[in-house]
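Accompanying notes for the structure given below.
First listed ligand is number 1; within each ligand, the first listed atom is number 1.
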Amino acid sequence: MPLLHTVTEYIGRFAPSPTGPLHAGSLVAALASWLDARAHGGRWLVRIEDVDLPRCIPGADLTMLRQLADCGLHPDEPPTCQSQRSALYQQTLDNLATRGLAYPCACSRRDIENELSRLGREKPRHGERVYPGSCRHGLQGRPARAWRLRVNAGALPWTDRRLGPQAQDVETEVGDFVLKRADGCFAYQLAVVVDDGAQGITHIVRGADLSDNTARQILLQGALGLPTPAYLHTALVLGANGEKLSKQNGAQALDTRNPLAALNAAGAVLGLRVTGASVDDWLAAATAQWAATWGPPGRA
Ligand code: GLU
């Protein structure tokens, strides 16, 4: 009898941005998404999110894939790259614009700051300014720079499998958000939603630093008639300054010469206590532990 049930369909993914090699924090997201897919008898894809080209490091994608392979994390299909998919993002933006859901914006950062201070609303939220909607009703003769989604939703409730009930009023907390940037790059929010939809992703498992994006992504899924996946946002590895570990606060490239040490450290962040003589043994034991907490109901 198999240990794990196969759900009707589960497709998960790990979607790193190739801004450098994987570090201890990115392995946590990779491992959690892999374990969740395996615990559900599902498929696990890797998508290289190289849509923000100015931030990407040439060759980092191959380094990340090798690091994943060293840790026994092999995607079930060849990885896809967002840089190859601009035509689909443009088509989606055109569709939203034709339906009046996306509009061009002429505002520079300075324009937005000026407008917010004119309105007495300069206090940024998490350092990000809430777009005041200046171009909602037209560009007033100014040239278009970016494209934004028109947001009129009120509080949007959603449930995270680990964090429980969440809610965000995107209109008042974020504002009409960018779909295509002034530098011509498609925004993460658009690319991630289009690709999750196109790849039939049913479950998203990623770091808790991304949970704040989820309400925006759910709104966009709704605008595009796409289903909303299940979400699980994992604990984060913190850097010396108490913030999420990142290259900016000193994250070292993950050393996969000793993959069991790397997996043990990532597993500990996920609350797993696993021993294994080989990477495959470790992953099998970790999958069983993960399934006991996060696996499908009615597991044997
Ligand atoms: N590419 C994003 C990042 O590396 C993650 C996207 C996602 O998992 O939704 O932060």
Side-chain angles (χ1 to χ4, degrees), residues 11-37 42-57 60-65 67-68 73 75 79-86 89 126 128 158 160-163 166 168 174 177-179 181 185-221 224 226-239 243-249 251 253-254 266 270:
I11 307 178
R13 54 42 162 208
F14 173 53
S17 304
T19 53
L22 293 184
H23 53 71
S26 26
L27 182 63
V28 172
L31 176 64
S33 61
W34 186 94
L35 288 171
D36 203 52
R43 284 191 293 143
W44 184 70
L45 311 183
V46 172
R47 181 169 72 230
I48 304 296
E49 297 212 321
D50 53 354
V51 78
D52 187 353
L53 275 178
R55 287 185 57 232
C56 294
I57 306 282
D61 51 346
L62 296 178
T63 305
M64 292 188 310
L65 292 169
Q67 291 172 301
L68 290 174
L73 307 179
T80 50
C81 284
Q82 289 190 323
S83 55
Q84 313 284 312
R85 298 169 60 79
S86 305
Y89 307 144
H126 303 323
E128 271 180 57
W158 60 280
D160 184 274
R161 290 165 58 203
R162 184 177 78 96
L163 303 171
Q166 309 286 310
Q168 187 180 56
V174 180
F177 57 88
V178 172
L179 301 174
R181 303 180 342 193
C185 289
F186 289 96
Y188 157 64
Q189 309 293 354
L190 179 71
V192 80
V193 166
V194 168
D195 285 344
D196 285 333
Q199 295 185 300
I201 301 299
T202 59
H203 291 69
I204 291 179
V205 177
R206 59 187 179 187
D209 56 313
L210 292 165
S211 69
D212 191 52
N213 294 281
T214 307
R216 270 172 275 183
Q217 294 171 12
I218 293 173
L219 282 185
L220 204 39
Q221 289 153 5
L224 296 170
L226 295 169
T228 290
Y231 287 95
L232 188 160
H233 289 89
T234 70
L236 298 176
V237 179
L238 301 182
E243 288 180 9
K244 181 208 161 199
L245 188 64
S246 69
K247 274 203 315 246
Q248 288 69 37
N249 63 19
L254 186 74
L270 297 170

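Near R206, meaning under 4.0 Å from one of its heavy atoms, ligand 1 places the atoms 7 (C), 8 (O), 9 (O).
A donor and an acceptor atom, one from each side chain of Q166 and T214, are nowhere located under 3.5 Å apart.
With hydrogens left out, the protein atom closest to atom 3 (C) of ligand 1 is S17 OG, 3.5 Å, a heavy atom. Among all non-hydrogen protein atoms, the one lying nearest atom 5 (C) of ligand 1 is A15 O, 3.3 Å. Scanning the protein heavy atoms around atom 8 (O) of ligand 1, the nearest turns out to be R13 NH1, 2.6 Å.
Residues D61 and D50 form no side-chain contact, since every pair of their non-hydrogen atoms from C-beta on lies 4.5 Å or further apart. Side-chain atoms of L245 and L236, non-hydrogen and from C-beta on, never get closer than 4.5 Å to each other.
Residue L210 touches ligand 1 through its side chain alone, judged by heavy-atom distances below 4.0 Å. With a heavy-atom cut-off of 4.0 Å, Y188 touches ligand 1 through its side chain alone.
Of the candidates R162, R206, R43, R161, R161 is the only one forming a salt bridge (Lys or Arg N to Asp or Glu O under 4.0 Å) with D36.
Below 3.5 Å of separation, one finds no N or O of V192 facing any N or O of ligand 1. Distances between N or O atoms of E49 and those of ligand 1 include at least one value under 3.5 Å.
Within the structure, the side-chain hydrogen bond (donor to acceptor under 3.5 Å, both in side chains) test picks out the following pairs touching residues 12-21 (sequence neighbours left out): R13-D196.
For the ligand labelled ligand 1, residue Q217 lies outside the 4.0 Å heavy-atom shell.
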CA sep, side-chain torsions, deciding dist, call: L220, L179, side-chain contact (heavy atoms from CB on, under 4.5 Å) | CA-CA 10 Å; L220 204 39; L179 301 174; 3.9 Å; yes
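With sequence neighbours left out, the side chain to side chain contact (heavy atoms under 4.5 Å, CB included) criterion links A253 to P21.
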